[in-house]
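As structure tokens, the structure follows; a few thoughts come after it.
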Amino acid sequence: MVSSLESAKLKGDENKAKEAQNKLQTLSIDEKLSQDATAILQRAGQNGYTIILPDELAQDMESYTIIATLPRGVYNLGLIPNAKHFEFALSPSLNDNGSEWNWEADSLSRKQDEFIALLGKDKDSKIVFYDSGEYGLSPMGSAVIGIMWAKKLGYNNVYYLVGGFNAWKDLKLPISTEAPHCCQM
């Protein structure tokens, strides 16, 4: 088994790995949760994205483009302030011929140009994707699908919000109930 320190080293983020490991030890987190954290770090390293914790994002929100990949109607429950919305499927879809990268199905029929416009022209800008957080330990989830598409389109600094919106709310961080651009009448 690879420790969270080792898996973060694979990604080249030794300081963040040590910090996470110290937090886990300080909190006396059980082995199962430690294994879950390791799995999240490994997945991020393998797929070329960085994890960010809710409190880290809250301290520097203006430095990031924030994309909520939640189902369209869920924004009624609130979003992270200034988050843009672009819903993705929960898992990737193959094309009819079996090839990967099925934009039509993954994006639930939304236009790729619309997604690119949300991300912006700067391929090096910092972009955080989040979903509810319910799929954090599964191989996919709508935030990961969004990340994979951003990476495929050439965006370099993509982040996954650990725990998603549920963790954000649990920490009592600010929430906006304003309708996102997608859903304003």
Not counting sequence neighbours, which residues clear side chain to side chain contact (heavy atoms under 4.5 Å, CB included) with Ser63? List them please. Asp60, Lys126

Would you mind writing out the side-chain donor-acceptor pairs for residues 167-175 within the sub-3.5 Å range, not counting sequence neighbours?
unit_1, atom_1, unit_2, atom_2, d
Trp168, NE1, Pro174, O, 2.6

If Ile, Leu, Val, Met, Phe, Trp and Tyr residues are connected whenever their side-chain heavy atoms lie under 4.5 Å apart, and connections chain through other members, are Leu153 and Leu108 in the same group? no

Contact between Trp101 and Met148 at the side-chain level, heavy atoms closer than 4.5 Å - yes or no? yes

Once rounded to the nearest 0.5 Å, what's the spacing between atom CG of Leu41 and atom CD of Gln46? 11.0 Å

Distance-minimising heavy-atom pair for Gly78 and Phe165: O-CZ, 3.3 Å

Ignoring hydrogens and angles, tell me if any N or O in the side chain of Asn47 forms a donor-acceptor pair with the backbone of Tyr49 under 3.5 Å. no

Pairwise side-chain contact, Leu70 with Glu87, heavy-atom cut-off 4.5 Å (strictly under): no

side-chain contact (heavy atoms from CB on, under 4.5 Å) between Leu119 and Ile67: does it pass, once the steps are laid out? CA-CA 8 Å; Leu119 300 179; Ile67 308 289; 4.2 Å; yes

Residue list, ring-ring contact (aromatic ring centres under 6.0 Å, His included) with Tyr155, at least two apart or on another chain: none

Working for side-chain contact (heavy atoms from CB on, under 4.5 Å), residues Arg43 and Tyr160: CA-CA 11 Å; Arg43 191 171 306 119; Tyr160 173 76; over 6 Å; no

To the nearest 0.5 Å, atom OH of Tyr159 lies from atom CG of Leu57 at 10.5 Å

Residues in side-chain hydrogen bond (donor to acceptor under 3.5 Å, both in side chains) contact with Ser107, at least two apart in sequence or another chain: Trp103

Knowing that exactly one of Thr69, Val162, Ile80 qualifies, which makes a side-chain contact (heavy atoms from CB on, under 4.5 Å) with Tyr130? Ile80

Partner set under side-chain hydrogen bond (donor to acceptor under 3.5 Å, both in side chains) for Gln112, not counting sequence neighbours: none

Between CD1 of Ile52 and CD1 of Ile66, what distance do you get to the nearest 0.5 Å? 8.5 Å

Heavy-atom donor-acceptor pair, Asn166 side chain to Ser132 backbone, under 3.5 Å: yes

Can you classify the ring geometry of Phe115 versus Phe86 as parallel (below 30°), tilted (30 to 60°) or perpendicular (above 60°)? tilted

Which pair of non-hydrogen atoms, one from Pro81 and one from Ser176, has the smallest distance, and what is that distance? CA-CB, 3.9 Å

Within this structure, what is the CG-NZ distance for the pair Asp106 and Lys152, rounded to the nearest 0.5 Å? 11.0 Å

For Asp124, side chain to side chain contact (heavy atoms under 4.5 Å, CB included) partners two or more places apart: Asp122, Asn156, Asn157

Short question: side chain of Gln59, backbone of Glu56 - any donor-acceptor pair under 3.5 Å? no

Leu90 side, atom CG; Asp131 side, atom CG - distance, nearest 0.5 Å: 8.0 Å

